[in-house]
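A short write-up of the structure that comes next.
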Protein chains: 2
Amino acid sequence: MHDRPVRHPTIKDVALVAGVSPSTVGRVIGGYGYTSAESQQRVLAAMRQLGYEPNAVARSLKSKRTRTIGYLLPRVTNPFFAQIAEGLQDVASAHGYSVILCSTDMKMERTSEFGRVLLEHRVDGIVLSLPGDDSVFKLAASFTDRGLPVVVCHGSRRIHGVDRVISDHMHGGYLAAKHLINMGHERIGVLAVKGSTTSSLILDGCRKALKDAGVDFPAQLTVEIASFSEDAGCSGARVLLMRGCDPTAIIASNDLIALGALGVLEEAGLNVPADMSVIGFDNTFAAHTRPRLTTIGISTYQAGLIAAQLLLDRIEDNYRGEAREVVLPVELVVRGSVAPPRRGS
Amino acid sequence: MHDRPVRHPTIKDVALVAGVSPSTVGRVIGGYGYTSAESQQRVLAAMRQLGYEPNAVARSLKSKRTRTIGYLLPRVTNPFFAQIAEGLQDVASAHGYSVILCSTDMKMERTSEFGRVLLEHRVDGIVLSLPGDDSVFKLAASFTDRGLPVVVCHGSRRIHGVDRVISDHMHGGYLAAKHLINMGHERIGVLAVKGSTTSSLILDGCRKALKDAGVDFPAQLTVEIASFSEDAGCSGARVLLMRGCDPTAIIASNDLIALGALGVLEEAGLNVPADMSVIGFDNTFAAHTRPRLTTIGISTYQAGLIAAQLLLDRIEDNYRGEAREVVLPVELVVRGSVAPPRRGS
DNA sequence: ACGCAATATGGTAACGTTCCCACATGTGCC
DNA sequence: GGCACATGTGGGAACGTTACCATATTGCGT
């Protein structure tokens, strides 16, 4: 049981068993140069016999490529990011790359610490899903300065020279508002996260839809909340209800916020959707609430796939051009949280 | 912009700038041996000036330790495992270790492929959260054979010589059943996943509670379902309703299953909890459903922390004894999905 | 017979680090 | 003065791999 000192067989061990030189073994493994069928067989047999596993560390040292990418994200427990991670990882492992997970918990010192570690590990590239404050720009710069490819996936705003995958949040906002307008709503409250680019895009979309329909959109109907959390959704909904602007529908900046709003509405004795319609955003929790949330579907998994693809393009040097920007379409997912407003309300 | 060929400064570069030998730089960085205050200052200054980042790859090659651990799990998008991952990663990074994420999607060939990759990367240890069929035993053996410490966290049954962190599922089952009995229920349906150790422990717990209370528990009340998914929960609930054993409450093997059941009950025109009480398991989605699910809380994050701790103990050779088993307590989380049964039903 | 490919092999220098060893110095003590 | 011992320094081998180079040994055309 206490069998710690197990040495991994090396290329030399294989060579010894096969009765050839390490160079020959290297050639068989690397598949370059000339090797006789005879030697090849003996090397392969020796590898099997010893259970040889090539040492990726030594390999990386020599080749200067680790076949490893880092993923920096706020929290894995948020399904939005977990889905991106899943997409990333699927493409990465299909190309023989591994993913190092860095769940920063939004703490700046942890984030830069992770940055340092990834740099020391000499990852071949980095995907960022972090909200875009100044510190992220500095972080990204610390990577690009060293020639490391970086792709931003659903975080931050544009970073100079960095590829980016986002969703068409503005159109999402438009679709949500349009849907409500079509149902007959005219006073639509929006729960927007303060300082979030995403939220302001959603707002822009809503505004456009309302303007197109000739519906008024007083400032009172927008509530700024602190974060993309259920708690923030609760307080936001409470504020909205108390303002007396009497909305008949609410658009939340993500499903978690909508979830908080649903709770508050329930407490207030309001039935969803009869008394109040609610639309979520991102389709993470929407299918699990009661009533099920009508929401805007974001292709997070897809975004992860594409982000990985862009990154690998850069890493394997298949693309060296200007920064690219991929904008993914969003869709309205109709469930049970929207109905026409009560007449006479 | 096309500035790919950026060479990382090495210890030699630092030595050159500081005007000392590479050995001296090594001593300053490694903090061993003797170095004059003078040299130390110059080396530190040179490091800062060049933006030196030690090369973890070269370090690993020499030291034979990568400060990296692998985490094999079914899916990151399942919050149950994402929470474990979060715990793992928190402890790991606090100790200077990185986590390589391996979301296997339950596919066997991917799993063994990941195993190979982790072995090649020479990770220092591995945490497994995979269901316990034979292939997992072989996988675990492929690690332990090479002297790699392995910890199982909420997956599989006992593996010889491998540490393990689990929760007291049996007691969870007991608590759930007991709670329902106290509310006056006598016919309690259970949705159990076929072939799952977890589910059979939950069943054992239920049986014990029912026996203690002198309540009958006919086989009809147990429905075997295919997986821990919402879909499986739906079909299971349907089967239970059609059997005519007229349960007044349902215990599901996890929250997702309960979610499926809630949907079916709603369709069937049954009100939860008035017509049927429901108890979930694992507290992942419970707070987000309407009605909110009463469930059994599992300390997943905590489990991740402990698993990492056990693994690091082994890796850093602070523990070399017999396999340990940590059983975490569970708790009943009371929300709104349980009520006394209708009288006369 | 000769040259000149093509084929097959081994030697060896890197990659960037760690750490042991040898060699300076200096200091205190008999 | 000689010796032990602490202090400071540089040299160099190793970690396991890759890939270039030099050296066989063939076959084949002239």
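Here is the naming used below: chain letters follow the sequence lines, and residue numbers restart at 1 for every chain.
Residue A/S36 places at least one side-chain N or O under 4.0 Å from the OP1 or OP2 atom of C/dT9. Phosphate proximity of D/dG10 to B/T24: present, with a side-chain N or O under 4.0 Å from OP1 or OP2.
We find the CG-OG distance between A/L61 and B/S60 to be 10.0 Å, quoted to the nearest 0.5 Å.
Fit an axis to the five pairs at each end of the helix from C/dA1-D/dT30 to C/dC30-D/dG1 and the two axes sit 70° apart, to the nearest 10 degrees.
A/R146 contributes no side-chain N or O that, together with a main-chain N or O of A/A141, makes up a donor-acceptor pair within less than 3.5 Å. B/T66 places a side-chain N or O within donor-acceptor distance of the main-chain N or O of B/R122, the cut-off being under 3.5 Å.
Here A/S39 lies in heavy-atom contact (under 4.0 Å) with sugar-phosphate atoms only. In this structure, B/V20 reaches the sugar-phosphate backbone alone: every heavy-atom distance under 4.0 Å involves primed, P, OP1 or OP2 atoms, never a base.
A side-chain donor-acceptor contact under 3.5 Å links A/Y71 and A/S129. For the residue pair A/T77/B/Q83, the side-chain donor-acceptor check at 3.5 Å is not satisfied.
Separating the CZ atom of B/R65 from the P atom of C/dT17 is a distance of 18 Å, rounded to the nearest angstrom. Rounded to an integer number of Å, the gap from A/Y34 OH to C/dA8 P is 8 Å.
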List every contact pair, protein side and nucleotides 14-20 of chain D side both N or O, where the distance is under 3.5 Å.
residue, atom, partner, partner atom, Å
D/dG16, OP1, B/K64, NZ, 3.1
D/dT17, OP1, A/Y52, OH, 2.5
D/dT17, OP1, A/N55, N, 3.2
D/dT17, OP2, A/I11, N, 2.6
D/dT18, OP1, A/R59, NE, 3.0
D/dT18, O2, A/K62, NZ, 3.0
D/dA19, N7, A/Y32, OH, 2.8

Audit row: A/D163, A/R314, salt bridge (Lys or Arg N to Asp or Glu O under 4.0 Å) steps and yes/no: CA-CA 10 Å; A/D163 293 336; A/R314 296 269 189 190; 2.8 Å; yes
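For the ring pair (Phe, Tyr, Trp, His ring centres under 6.0 Å) test, residues two or more places apart in sequence or in another chain that qualify with B/F80 are B/H154.
Between B/R116 and B/E113 there is a salt bridge, since a side-chain N of the basic residue sits under 4.0 Å from a carboxylate O of the acidic one.
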